[in-house]
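One structure is given below, encoded as structure tokens.
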Amino acid sequence: MELRLYDTFTREKRPFAPLDPARVRMYVCGPTVYDFAHIGNARPIIVFDVLFRLLRQWAKEKGWGDVVYIRNITDVDDKINARAAEEYPGLPLNEAIRTVTEKTEKQFHEDVDALGALRPTLEPRATEHIAEMKTLIERLVAQGCAYAAQEHVLFSVASMPDYGKLARRTLDEMMAGARVEVAPYKRDPMDFVLWKPSKPGEPAWPSPSGIKAPGRPGWHIECSAMSWKHLGETFDIHGGGIDLVFPHHENEIAQSRCAFHTRIMANFWMHNGFLQVEGEKMSKSLGNFFTIRDVLADWPAEAVRLAMLQTHYRQPINWTEAGLREAQRTLDHWYQLTAEVGPGMLCADVVDALSDDLNTPKALAAFHELRAEAAKGTQAAAACLKASARLMGLLQHSAAEWAAWRPRSLAIDEGKVEALIAARNAARQAKNFKEADRIRAELDSMGIELEDHKDRPTTWKVKR
Ligand SMILES: [Zn+2]
């Protein structure tokens, strides 16, 4: 058995082996911290979390060293500046920016922890790597891959003959995408910003390349700098959403390869597909825009994870309530079946499927067989199911914890539920069935389902 991954750069599935078996190195582009992460952002978090878990499993099997997973935090960006000025008009801009980025980073961590994602090995912040970015910029200028003009530093795309190779775009296609009005400091419309001057009050650092005015880095250079610092000049896997292929990853490759004279930046480029909601593009104007937080208020996190993994990561995903409901039902059953067993052996079919370019739908199909066996009372199958599900970040709770989950929107006051049940019992004893029915209806509207028993007191559960 071998691990095979699809590489966007070569457009092929290839066997994976780490460049340096002592350290498996993966970099994934992380969030720009100015607002709640949306459900589309949850996809790379979950996909690369499953890959991280799988790589650790392979590292254990093969005797590779640690799996180092880096996910950066972009904390310098025009969107952050705009949000800070809007939200905290009374504060000096830099203080407002710090408030926004710290708050958003905290929210992001709460969300990804809630999704059951393992924390990456390191989450470097852009503003803590300005020195590395400047070193890279100076190097690119010295090598003729970049130039300073009107207080900007730009990467010269003409210096990189195979620019566009990752995206497989022709020069004409890329030109069409470049802004119609070309900034006067660009030699070529395709050239992109490595450094730019800051407006008064904005975050600013002393500029590289002899530029007098203080400035700040462009977005692309931060990932080249942080992956270099923490993973080296080349590394194993670079991941992100498909929307990052061009221009972000194309530009990262150009910067890193020119700076280090390497043939590659990463050995594998992996990209997850788009997410649509109920068959439509998610957008605030369509009213189908959901943050991770919104979704986790109504659904247990593992249902979100399972629903996400039903689609292969490279395919576009159609995010539906029906899919979530089905995932929740599946998990209800899995939790029931595995309540009494500890995790056993990993199911070979599940590991095989995951090792085939993270084929999660195929892995989940293998679960159905395990479930059928476990339902017949085969303990070993139940134990395999539990271990294999955990490899995908599922079945991480106890059956009791899972059963006790309540939607946050349905804030249940347990004391009130018990009091209403007592009142209903009293009404029934007094043969006031109209009142008893009224109370049952009231509980029903609170999302509570009652179960009357012949031999013991009434029990209740939250309707799903
Ligand atoms: Zn990046």
Side-chain angles (χ1 to χ4, degrees), residues 7-9 25-35 37-38 40-45 47-49 51-52 68-80 101 104-105 108 112 117 120-137 140 146 153 155 157 160 163-167 169 177 192-196 216-260 262 264-274 313:
D7 175 18
T8 310
F9 197 94
R25 294 164 291 171
M26 172 162 80
Y27 185 96
V28 177
C29 295
T32 301
V33 282
Y34 70 102
D35 205 348
H38 58 71
N41 304 131
R43 195 170 189 198
I45 290 164
V47 163
F48 291 104
D49 179 65
L51 180 60
F52 183 36
V68 182
Y69 171 20
I70 307 283
R71 185 177 62 208
N72 66 302
I73 288 177
T74 300
D75 59 354
V76 51
D77 186 272
D78 288 337
K79 288 193 283 286
I80 298 174
T101 55
T104 312
E105 192 183 322
F108 177 76
V112 299
T121 317
L122 206 68
E123 294 181 274
R125 285 185 195 80
T127 54
E128 290 169 6
H129 295 75
I130 302 290
E132 288 81 359
M133 294 187 219
K134 282 165 66 176
T135 303
L136 270 189
I137 291 171
L140 290 169
V153 184
F155 187 92
V157 166
M160 178 94 185
Y163 182 81
K165 206 173 166 194
L166 174 72
R169 292 198 186 194
F192 59 89
V193 169
L194 302 174
W195 190 268
K196 60 183 172 181
R216 60 201 167 101
W219 173 37
H220 314 303
I221 194 71
E222 73 175 71
C223 289
S224 283
M226 289 189 272
S227 60
W228 172 42
K229 166 99 185 269
H230 300 289
L231 298 177
E233 294 179 357
T234 57
F235 49 94
D236 297 304
I237 297 170
H238 192 317
I242 189 86
D243 53 321
L244 296 183
V245 170
F246 190 87
H248 185 54
H249 288 168
E250 195 72 59
N251 292 352
E252 282 188 36
I253 291 173
Q255 294 161 164
S256 294
R257 286 191 50 213
C258 278
F260 308 126
T262 47
I264 56 163
M265 178 186 187
N267 201 15
F268 285 82
W269 286 84
M270 295 180 67
H271 295 98
N272 64 272
F274 285 116
Y313 77 93

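Both counts, for ligands and for their atoms, begin at 1 and track the order of listing. From a predicted model like this one, the values you see are computed outputs, not experimental measurements.
Heavy-atom neighbours of Phe192 CZ from other residues, nucleotides or ligands within 6.0 Å: above the threshold of 12.
Asp78 has its side chain within reach of Lys196: a pair of non-hydrogen atoms, C-beta onward, lies under 4.5 Å apart. A 4.5 Å side-chain heavy-atom check between Ser256 and Thr262 finds every atom pair outside the cut-off.
Remark: Arg71 pairs with Glu123 by the salt bridge (Lys or Arg N to Asp or Glu O under 4.0 Å) rule, at least two apart or across chains.
Of all protein N/O/S atoms, those under 2.8 Å from the Zn ion (ligand 1) are Cys29 SG, Cys223 SG, His248 NE2, Glu252 OE2, and waters are not counted.
With Ser224 contributing its side chain and Glu252 its backbone, the two residues share a donor-acceptor pair below 3.5 Å. Checked by atom type and distance alone, the side chain of Glu250 pairs as donor or acceptor with a backbone atom of Ala167 at under 3.5 Å.
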